[in-house]
Amino acid sequence: MSPTIRVKKLSKVLKSVNAINSGMILRKSVFKKMFFDEQFFLDYIDHDFFKRFVKNGFKLKQLNLILYQNFSDDEANINKALVRYTTYAKDSDAYIKKYGNYYYFSFIKHTLKLTWKFKSLIFIRKLVQNEN
């Protein structure tokens, strides 16, 4: 599950979740009704998939295990983080267009987090440049 998990539990079946693809297991039959939206390259492709997954009546179950992995938030190199941010910005734009301006706040929050982490205004500059 993503660090941004938002779950309403009813027994062991998850009714609403904001999750990531890493470590997920799907039945092959899911792909008869579902697909990954290719307008997303990397970011939000999983959030979009899970929104539609639940909307299509599929049920989610959480396995009792821990998956260890590296996240892009752990990046210490500002140049690599900037490249990753560019991808994030494009996918955020597509997600906002599809699901509404509310998700713009997540994008701003992420931008501010990177600005603070690297003590650089380059991320805010990039945000402003993309707005014009």
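Sequence positions, counted from 1, serve as the residue numbers for this chain.
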Hphob cluster co-occupancy, Leu121 + Ile78, side-chain heavy atoms under 4.5 angstrom: yes

Heavy atoms of other groups near Phe36 CZ, more than 12 under 6.0 Å: yes

Heavy-atom pair with the smallest gap, counting every atom of Tyr103 and Tyr99: CE1-CB, 3.6 Å

Short side-chain to backbone donor-acceptor contact, Lys119 and Trp116, under 3.5 Å: yes

Co-membership, hydrophobic cluster, residues Leu42 and Met24, 4.5 Å side-chain: no

Within one Ile-Leu-Val-Met-Phe-Trp-Tyr cluster: Met34 and Phe50, side-chain cutoff 4.5 Å: yes

Minimum heavy-atom distance between Gln39 and Ala94, given as atom pair plus value: OE1-CB, 3.8 Å

Donor-acceptor contact below 3.5 Å, side chain Asp91 vs main chain Tyr44: no

Polar contact flag, side-chain donor to acceptor under 3.5 angstrom, Asp43-Tyr95: no

Same cluster (ILVMFWY, side-chain, under 4.5 Å), Val128 and Leu114: yes

Phe49 versus Phe35, closest heavy-atom pair with distance: CD1-O, 3.4 Å

Geometric cation-pi criterion, Lys126 with Tyr85: 6.0 Å, 45°: no

Donor-acceptor contact present, side-chain Asn77 to main-chain Asn79, <3.5 Å: yes

Over 12 non-hydrogen atoms of neighbours within 6.0 angstrom of CG in Asn101: no

Test log, rule side-chain contact (heavy atoms from CB on, under 4.5 Å), inputs Phe53 and Leu26: CA-CA 11 Å; Phe53 186 86; Leu26 294 171; 3.8 Å; yes

Stacked cation flag Lys117 on Phe123, 6.0 angstrom / 45 deg: no

With Asp37, the salt bridge (Lys or Arg N to Asp or Glu O under 4.0 Å) member among Lys98, Lys97, Arg52: Lys98

OG on Ser106 to NZ on Lys113, rounded to 0.5 Å: 11.0 Å

Ile124 side chain reached by Leu112 side chain, heavy atoms, under 4.5 Å: yes

Ring centres under 6.0 angstrom apart (Phe107, His110): no

Heavy-atom neighbours of Phe105 CZ exceed 12 at 6.0 Å: no

4.5 Å side-chain heavy-atom contact, Ile108 and Leu127: yes

Distance, nearest 0.5 Å, that separates CZ of Phe40 from CG of Asp93: 10.0 Å

